[in-house]
**Q** 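Quick one: the structure is below, questions incoming.
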Amino acid sequence: MTTQSTSSESQSIIHVRSLGEFEFCPRAGIIAFESQLKNKIDAEPPRVPNLGYSPPFDIKQLEEELAKKSSRFSKVLFLTLAMATALTFIGNSVGFTNTAFLWIAIVLPAITLSVDWQDLTALWREYRRVQNAIDPKPFHDGIRAPLQVDWWDLVKSYQSAQPGEPYVDPLTHLVGKPWRILSFHRQRIPVILSRSETEQTGIKSTHLNKLAAYSHLLRQSDEQVDSDWGVVIFADTRTGYAVPINQSEIDSMLRLLGEFRVFLTRSNRGVAPGEPDSKLCFRCPNNRRRTFRKGSTETKMAGRTLQPLLQLDGKSHCDCGDRFQWQPPLG
């Protein structure tokens with residue numbers, strides 16, 4: 001029985017969000033794990049700025065358009081020079097006065113050439129501007145320390161995409177998808193949103209481990225990509241930090257994942273984690289109280305409805321209290 005239980009927990013899929021909750025508090029991690037089926041994978045926290053919008057930017061489209069316009073300009077230039085040469089030869093042969101009307105034929109390609117030249121130079125300036133912006137200084141290989149960043153500066157330099165299907169590591173059974181992925185050539189940068197309401201909180205270990213997890217998943221999904229940076233944006237702003245992700249961060253994350261599985265195995269045997277620091281409880285969403293209403297407010301986890309444990313006021317309950325049958329402290 002124990003062997004089967006341990007084997008089952010070692011094969012269980014764990015969301016990156018659940019892993020982040022586990023680092024915050026083992027009880028929160030177990031609640032997140034047992035609630036995985038009803039929650040979106042790595043659901044986004046609420047945010048105020050419209051960070052989902054990104055301005056149009058595609059360096060490949062610029063390169064393709066530049067190639068098309070360069071080719072067109074070359075053809076028009078060749079045609080114009082060929083006609084000018086032909087008209088000059090004819091003019092020398094029969095006399096300019098008799099061939100003056102032929103020179104009118106060169107006016108149209110000349111005008112087209114002028115317009116195309118203006119378009120080409122304008123597009124080239126735009127391409128150079130984007131190229132200069134596309135080499136983001138925070139992500140140079142020589143810089144390996146967290147740096148403050150602005151979301152709009154990032155989307156000017158990188159292609160921003162919202163992941164579709166979650167990424168899965170078949171070896172560790174870790175699954176998840178970041179809020180956004182910034183891409184340029186082989187580089188893939190996972191972006192997460194912090195539910196902290198201010199950037200003054202800075203980078204936390206939970207941020208680092210989640211970014212390391214997503215970086216690991218991106219590397220596992222495609223061996224050709226580089227994913228050695230991550231970005232955390234604070235939920236009520238468009239600013240945050242770019243964080244370097246080294247192999248040591250990924251190794252630390254994998255160790256945390258192993259510890260999480262140990263706790264899950266113990267929980268499956270009925271052994272609950274110890275009571276957390278009350279400071280964690282004050283800001284934990286699993287400690288949000290709601291008035292108990294039979295048939296509508298019960299806590300549901302792992303496919304079962306939990307027996308509500310009324311708190312000290314005798315009428316409210318919360319997810320953590322119901323799951324572990326205790327009374328979390330109030331702030």
**Q** Check for a donor-acceptor pair, side chain of Asn268 on one end and backbone N or O of Leu264 on the other, with a separation under 3.5 Å.
**A**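 Not confirmed, Asn268 side chain does not pair with Leu264 backbone.
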**Q** Going by heavy atoms in the side chains, are Ser227 and Pro190 under 4.5 Å from each other?
**A**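 Side chain of Ser227 against side chain of Pro190, heavy atoms only: contact under 4.5 Å found.
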**Q** Can you tell me how far CD of Gln187 sits from CD of Gln159, rounded to the nearest 0.5 angstrom?
**A**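 Reported value, rounded in 0.5 Å steps: 13.5 Å.
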**Q** State the CD-CD distance between Gln327 and Glu275, to the nearest 0.5 angstrom.
**A**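 Gln327 CD to Glu275 CD: 10.5 Å, rounded to 0.5 Å.
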**Q** Could you walk me through whether Thr239 and Val149 pass the side chain to side chain contact (heavy atoms under 4.5 Å, CB included) test, one step at a time?
**A** CA-CA 6 Å; Thr239 59; Val149 293; over 6 Å; no
**Q** Minimum heavy-atom separation for Met301 to Ser35, with atom names?
**A**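 Shortest heavy-atom contact: CG-OG, 3.7 Å.
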**Q** For Cys320, is there any backbone N or O sitting under 3.5 Å from a side-chain donor or acceptor partner on Asn286?
**A**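 No.
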**Q** Would you name the heavy atoms of Pro308 and Asp322 that are closest together and state the gap between them?
**A**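 What the structure gives for the nearest pair is CA-OD1, 3.3 Å.
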**Q** List the steps and the verdict of side chain to side chain contact (heavy atoms under 4.5 Å, CB included) for Ile192 and Trp179.
**A** CA-CA 5 Å; Ile192 64 173; Trp179 173 67; 5.5 Å; no
**Q** Before you tell me yes or no, could you show the steps for Leu154 and Ser160 under side chain to side chain contact (heavy atoms under 4.5 Å, CB included), namely the whole-Å CA-CA distance, both residues' side-chain angles and the distance that decides it to 0.1 Å?
**A** CA-CA 9 Å; Leu154 293 177; Ser160 171; over 6 Å; no
**Q** Roughly how far, to the nearest 0.5 Å, is CG of Asp222 from CG of Leu218?
**A**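 Interatomic distance, Leu218 CG to Asp222 CG, rounded to 0.5 Å: 9.5 Å.
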**Q** Roughly how far, to the nearest 0.5 Å, is the CG atom of Leu257 from the NE2 atom of His216?
**A**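 These two atoms lie 8.5 Å from each other.
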**Q** Check the orientation of Phe73 and Trp117. Use parallel for under 30°, tilted for 30 to 60°, and perpendicular for over 60°.
**A**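 Because their plane-to-plane angle lies in the 30° to 60° range, the rings of Phe73 and Trp117 count as tilted.
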**Q** Please check: side-chain N/O of Glu298 versus main-chain N/O of Gly295, any donor-acceptor pairing under 3.5 Å?
**A**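 Yes, because the side chain of Glu298 sits within donor-acceptor range (under 3.5 Å) of the backbone of Gly295.
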**Q** Looking at Lys204 and Glu23, does any basic side-chain N land under 4.0 Å from a carboxylate oxygen?
**A**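 Glu23 and Lys204: not salt-bridged.
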**Q** Is the shortest heavy-atom distance from the side chain of Arg180 to the side chain of Trp151 under 4.5 Å?
**A**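 Heavy-atom side-chain distance check passes, below 4.5 Å.
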**Q** I want to check something: taking the side chain as every heavy atom from C-beta on, are Pro26 and Pro276 in contact at a cut-off of under 4.5 Å?
**A**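 A side-chain contact under 4.5 Å is absent here.
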**Q** Show the nearest heavy-atom pair for residues Ile189 and Gly230, with the distance to one decimal.
**A**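 Of all heavy-atom pairs spanning Ile189 and Gly230, the closest is CG2-CA, 3.9 Å.
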**Q** Would a single hydrophobic cluster contain both Val225 and Leu217, if residues Ile, Leu, Val, Met, Phe, Trp and Tyr are joined by side-chain heavy-atom contacts under 4.5 Å?
**A**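 Different hydrophobic clusters.
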**Q** Could you measure the distance from the SG atom of Cys25 to the CD1 atom of Ile31? Nearest 0.5 Å is fine.
**A**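 Result: 7.5 Å between the selected atoms.
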**Q** Has the side chain of Lys300 got a donor or acceptor atom that lies under 3.5 Å from a matching backbone atom of Leu306?
**A**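 Checked: no pair found.
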**Q** Could you check whether His207 and Ser194, counting side-chain N and O atoms only, form a donor-acceptor pair closer than 3.5 Å?
**A**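 There is such a pair (donor and acceptor under 3.5 Å, judged by atom type) between the side chains of Ser194 and His207.
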**Q** For Thr206 and Asn209, which I'm curious about, is there any donor-acceptor pair between the side chains at under 3.5 Å?
**A**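 Not at all, the side chains of Thr206 and Asn209 share no donor-acceptor pair under 3.5 Å.
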**Q** Using every non-hydrogen atom in the two residues, find where Ile250 and Ala212 come nearest and quote the distance to one decimal.
**A**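 Nearest heavy atoms, Ile250 then Ala212: CG1-O, 3.9 Å.
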**Q** Is Gln325 reaching over with its side chain to a backbone N or O of Gln307, donor-acceptor style, under 3.5 angstrom?
**A**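 A pair under 3.5 Å: yes.
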**Q** Donor-acceptor pair, Ser296 side chain versus Arg293 backbone, under 3.5 Å?
**A**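 Looks like yes, one N/O pair under 3.5 Å.
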**Q** Taking Ser316's backbone N and O only, do any of them form a donor-acceptor pair with Asp313's side chain (distance below 3.5 Å, no angle check)?
**A**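 Yes, Asp313 side chain to Ser316 backbone: donor-acceptor pair under 3.5 Å.
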**Q** Can Leu77 be reached from Trp124 by stepping across I, L, V, M, F, W or Y side chains whose heavy atoms are under 4.5 Å apart?
**A**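 Yes; Leu77 is reachable from Trp124 via cluster members.
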**Q** Under a 3.5 Å distance rule, please check whether Arg17 uses its side chain to pair with a backbone N or O of Ile14 as donor and acceptor.
**A**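 No, because the side chain of Arg17 does not come within donor-acceptor range (under 3.5 Å) of the backbone of Ile14.
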**Q** Which other residues end up in the same hydrophobic cluster as Phe78, if Ile, Leu, Val, Met, Phe, Trp and Tyr are linked when side-chain heavy atoms come under 4.5 Å apart?
**A**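 In the cluster with Phe78 there is nothing else; it is isolated.
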**Q** What's in the same ILVMFWY side-chain cluster as Leu280, cut-off under 4.5 Å, chained through other members?
**A**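 Joined to Leu280, directly or through intermediates: Phe24.
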**Q** Measure the shortest side-chain to side-chain distance between Phe33 and Phe260 over non-hydrogen atoms and say whether it is less than 4.5 angstrom.
**A**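 Yes. Closest side-chain heavy atoms under 4.5 Å.
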**Q** Taking the side chain as everything from C-beta on, heavy atoms only, tell me whether Ile203 gets closer than 4.5 Å to Val232.
**A**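 The answer is yes; the side chains approach within 4.5 Å.
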**Q** When clusters are formed by joining ILVMFWY residues with side-chain heavy atoms under 4.5 Å apart, either directly or through shared neighbours, do Val243 and Leu254 land in the same one?
**A**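 Yes; tracing contacts between hydrophobic side chains, which count when under 4.5 Å, links both residues.
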**Q** Just verifying a value: how many Å separate Leu19 CG and Arg261 CZ, rounded to the nearest 0.5 Å?
**A**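 That separation rounds to 9.5 Å.
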**Q** Between Asp319 and Arg290, is there a salt bridge with N-O shorter than 4.0 Å?
**A**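 Yes, charged N to carboxylate O under 4.0 Å.
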**Q** Provide the closest heavy-atom pair for Thr299 versus Cys318 in the form atom of the first, atom of the second, distance.
**A**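 Taking Thr299 first and Cys318 second, the nearest heavy atoms are OG1-O, 4.2 Å.
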**Q** Would Ser267 and Arg27 count as having a side-chain donor-acceptor pair, cut-off 3.5 Å?
**A**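 There is no such pair (donor and acceptor under 3.5 Å, judged by atom type) between the side chains of Ser267 and Arg27.
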**Q** Output yes when a side-chain donor or acceptor of Glu249 lies under 3.5 Å from a complementary backbone atom of Asn246, and no otherwise.
**A**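 Yes: the side chain of Glu249 pairs with the backbone of Asn246.
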**Q** Ignoring hydrogens, what is the shortest heavy-atom contact between Asn287 and Cys281? Give both atom names and the distance.
**A**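 Heavy atoms only, the tightest pair is ND2-O, 3.1 Å.
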**Q** Return each pair, listed once, that meets ring pair (Phe, Tyr, Trp, His ring centres under 6.0 Å) where at least one residue sits in residues 292-326; pairs must be two or more places apart or across chains.
**A**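 Output for this query lists Phe292-His317.
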**Q** Quick check against the 3.5 Å criterion: does Arg219 have a side-chain atom that pairs as donor or acceptor with the backbone of Asp226?
**A**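 Here the side-chain-to-backbone pair does not exist.
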**Q** Could you tell me whether the side chain of Leu147 reaches within less than 4.5 Å of the side chain of Tyr241, counting heavy atoms only?
**A**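 Tyr241 vs Leu147: side chains apart.
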**Q** Any heavy-atom pair between the side chains of Ile181 and Ser183 that's under 4.5 Å?
**A**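 A side-chain contact exists here, since the closest heavy-atom pair is under 4.5 Å.
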